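Here is the structure we will look at, set down as structure tokens.
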There are 2 protein chains.
Amino acid sequence: MALDERKLKILQAIITDYIATAEPVGSRTIAKKYDLGISSATIRNEMSDLEEMGFIIQPHASSGRIPSDLGYRLYVDKILRRQKLGDEDKKIVNTMINRNVNQIQYLMDETARLISKMTNYTAIFSEPVVKNTKINKIRFMSLNDTDLMIILAAEGNVIRNKIVSVNYMPDEDTLYKLSTVVTDLMHGIIIENIGQDIVDKLYSELNGYDEIASLIMSFIDELSKSSGMGKLHFSGTNNILAFPEFSDVEKAKSLFKTLEKTDSLTNLLSDNKGGDLQIYIGNETGIEEMKDCSIVTTTYEFGDNITGTIGILGPTRMDYSQVVSVLSSMVENIEGVLNNLEDKKKDDS
Amino acid sequence: MALDERKLKILQAIITDYIATAEPVGSRTIAKKYDLGISSATIRNEMSDLEEMGFIIQPHASSGRIPSDLGYRLYVDKILRRQKLGDEDKKIVNTMINRNVNQIQYLMDETARLISKMTNYTAIFSEPVVKNTKINKIRFMSLNDTDLMIILAAEGNVIRNKIVSVNYMPDEDTLYKLSTVVTDLMHGIIIENIGQDIVDKLYSELNGYDEIASLIMSFIDELSKSSGMGKLHFSGTNNILAFPEFSDVEKAKSLFKTLEKTDSLTNLLSDNKGGDLQIYIGNETGIEEMKDCSIVTTTYEFGDNITGTIGILGPTRMDYSQVVSVLSSMVENIEGVLNNLEDKKKDDS
DNA sequence: GTTAGCACTCACCTTAACCGAGTGCTAATT
DNA sequence: AATTAGCACTCGGTTAAGGTGAGTGCTAAC
């Protein structure tokens, strides 16, 4: 059985309608609302074929059809056309994105909030993975007799800090000198790539300050061990409650729980190894509780390193064309901002 | 009509039962489950009195009774006896609270998570209000040609930082010197109390670096303007979905929305001006969407200044005795840890 | 190949009957 | 005078039956 033009059109109609209404779509509805020039009976026959081919499903023996995961997949792969964001939306994005964005963290937060607002789905992003980025500077700051704060600035203004306890606290000037020494040693090196040679140099250059050297190293170890992907942040999780798919509290609860234990989600997100945007439909997510959800992910990068993933979570019947266009223009925007940061840095060095 | 011993006992039975079951309580249930030595008929008469007095309510003309806000209020004021946390719980608290708590932020996060886990309600805390605290140190750190990070450490290891853009970036050594000058000038001063005299001194001592002086001042302004109360953080909001009170998704959604716009909640929390723990029952919260909720709040403090509020949000039928004991021992613990930090600082100066 | 027509299915809604937990009242008991 | 037993009554919630309508599959005509 061939998947001809007409069948595709009918499938598209079913998906479009189902995205809008979340109700099974019947043959008469299609005949009336979509001007295909064929009668409901013909559509019924075609639908019967589409069902046999696995693209649509009949939830109850005599109800309309809903798209199957496979149907969405076909739609996304063959039918979906990426459309650019409208001018008005673009304006909103630009004004929102250009405030208070010196630090990537804020930029991403803001972006996620914006995405969830524009789409009414849930936005997910992973913190920039710091271990792949180059160290810019390291500074020390004594807080009192025993507490020392180590501040690490990586490329792109990614800041990490840690407060540690020390037995012996050098005076301020010494700390400053130590920090310039450490910075000279480590500037430009990717955190993950710090090897034994650097460690050795560190200990010899920080001669007499072994304690501090070892604290630096354990901080850096901590950063480079950090699980391949940064912590996940969510925005607009409450939108989930608005989906009819989750009008049953139990289902919503179980999804929320799944979002809380982020590990499986982290795996999913880290699947996207840079490059294009990726779509997981229903069971393709590999997460039982998300069989009625889809996730669209993409990565954002700056400098030479992939830094993080950003995605949108919604019901399988999400408006893929909107989601795809919002997500891709968002990333374009973020990367624009980030590359500005980068450029500034290059001028610097 | 007098509120005698027996009526109190019946009220307590109703509340206890309702807390456990979330179902209206009938006279026979009480007669059977609670050994009051009187028949259901007598209990019925007494319940009729209690209803007249406003302590209980009959949701439907012929169902059992549920406690009214007033009833809970009486219970909380007269009957509730504060019990100490059990030994086992105490152990959990201690082990959890003693890791990774150098920075108040983490300590509070951890505490909130713990509270929501122990009670199955939602924990809320406000960030330490930085504007009432004394400045410890200020440091600068250049990130590149144009981006400068200002780091402010206040007492109790409260850290705030901001990245700003500058037109002219002094070299590292100069920045360091400037930061010691600024620190000398501002150390020990409460952020909010920085007046014109200090501003004048700042500009004169930072002669030639007006841009940096003004950036510092706008950062400090920002901190001291921050709305009387720090940002709110939540933990265990998903627990709300488990309350039968919110098995209707619409209700849950509206409560979540209310939690999102934090302003009214912030007001409520800031009501507690230090001292003892406060309980808001149902409409006492003054928030329409929370008429079926209660909030128990308390403040944590260290040094000489009140720093933040922490609270528990649950249905009006929450287990007040558990909540009260968990909350008060938590605060005891936090303050223990915080005062250790303080002591260290005192040794320092 | 397409369409009109028709019998059939089945989720969903409405209505009615029923059940049971609970009450209020009255009369008997202590 | 207080307590209790007994009883009629109320009313939310559950179940069962019937009706409705959107939708289907199939057949026969175009």
Side-chain angles (χ1 to χ4, degrees), chain A residues 1-11 13-15 17-18 20-68 71 244-245 247-248, chain B residues 1-11 13-15 17-18 20-68 71 244-245 247-248:
Chain A
M1 199 175 335
L3 190 62
D4 55 20
E5 185 70 14
R6 197 168 68 180
K7 284 197 176 58
L8 269 181
K9 270 193 181 146
I10 291 174
L11 179 60
I14 293 173
I15 292 181
D17 213 72
Y18 188 66
T21 63
E23 297 287 340
V25 189
S27 55
R28 268 197 81 207
T29 313
I30 295 180
K32 272 190 290 182
K33 287 217 299 207
Y34 302 84
D35 208 15
L36 301 182
I38 46 178
S39 78
S40 66
T42 312
I43 295 175
R44 265 204 294 288
N45 291 333
E46 295 286 44
M47 279 165 85
S48 175
D49 290 352
L50 282 169
E51 181 165 16
E52 204 177 319
M53 292 157 91
F55 296 119
I56 53 180
I57 292 173
Q58 215 172 1
H60 313 289
S62 79
S63 71
R65 309 301 215 287
I66 63 174
S68 67
E245 282 83 349
S247 62
D248 178 12
Chain B
M1 201 176 332
L3 191 64
D4 55 19
E5 184 70 12
R6 196 169 69 182
K7 283 196 175 61
L8 269 181
K9 270 191 180 147
I10 291 174
L11 179 60
I14 293 173
I15 293 181
D17 212 72
Y18 188 66
T21 63
E23 297 287 341
V25 189
S27 54
R28 269 197 80 207
T29 313
I30 296 180
K32 272 190 290 182
K33 285 217 302 205
Y34 301 84
D35 206 16
L36 301 182
I38 46 180
S39 78
S40 67
T42 312
I43 294 174
R44 267 203 296 286
N45 292 331
E46 296 284 46
M47 279 166 85
S48 175
D49 291 351
L50 282 169
E51 181 166 17
E52 205 177 316
M53 293 157 89
F55 295 119
I56 54 180
I57 291 174
Q58 212 170 3
H60 313 292
S62 79
S63 71
R65 311 300 217 286
I66 64 173
S68 67
E245 283 82 350
S247 61
D248 178 13

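All of these numbers come straight from a predicted model, not from anything done at the bench. For the numbers below, each heavy atom of this structure counts, side chains included, while hydrogens, waters and symmetry mates do not. Lettering follows sequence order; numbering is per chain, from 1.
With hydrogens and angles ignored, the 3.5 Å screen pairs a side-chain donor or acceptor of B:Gln58 with a backbone N or O of B:Ser63. Under a 3.5 Å cut-off, the side chain of A:Ser68 and the backbone N or O of A:Phe55 do form a donor-acceptor pair.
In this structure, A:Thr29 reaches the sugar-phosphate backbone alone: every heavy-atom distance under 4.0 Å involves primed, P, OP1 or OP2 atoms, never a base. Nucleic acid contact for A:Ala61: sugar-phosphate only, since backbone atoms but no base atoms lie under 4.0 Å from a heavy atom of the residue.
Atom pair B:His60:NE2 and D:dT10:C1' shows a separation of 12 Å (rounding to whole Å applied). Atom-to-atom, CD1 of B:Ile38 to P of D:dA2 comes out at 14 Å; the value is rounded to the nearest Å. Summarising the geometry, the separation between CZ on A:Arg65 and P on D:dA22 is reported as 17 Å, rounded to the nearest angstrom. Whole-Å rounding puts the B:Ile57 CD1 to C:dT23 P distance at 15 Å. A straight line from CE of B:Met47 to P of C:dA21 spans 15 Å, rounded to a whole angstrom. When rounded to the nearest whole Å, the span between CZ of A:Arg44 and C1' of C:dT9 equals 14 Å. With rounding to whole Å, B:Asn45 atom CG is found 16 Å from D:dA1 atom P. As rounded to whole Å, 13 Å separates atom P of C:dT23 from atom CD1 of B:Ile66.
A 4.5 Å side-chain heavy-atom check between A:Asp17 and A:Glu23 finds every atom pair outside the cut-off.
Dashed line: the shortest gap from a side-chain N or O of B:Ser27 to OP1 or OP2 of C:dT23 is under 4.0 Å. Between A:Ser63 and D:dG23, a side-chain N or O to OP1/OP2 separation shorter than 4.0 Å is absent.
Remark: the A:Arg28 side chain and the D:dG23 base include no donor-acceptor N/O pair separated by less than 3.5 Å. One cannot find a donor-acceptor pair under 3.5 Å joining the base of D:dT24 and the side-chain atoms of A:Ser62.
Taken from CD1 in B:Ile57 to CD in B:Glu51, the straight-line distance is 8.0 Å, to the nearest 0.5 Å. Residue B:Ile56 holds its CD1 atom at 9.0 Å from CG of B:Asp49, rounded to the nearest 0.5 Å.
Comparing C:dT23, D:dA5, D:dT24 against the side chain of B:Gln58 picks out C:dT23 as the nearest. Between D:dA5, C:dT2, C:dT3, one nucleotide has an atom nearer to the side chain of B:Ser39 than all others, and that is D:dA5.
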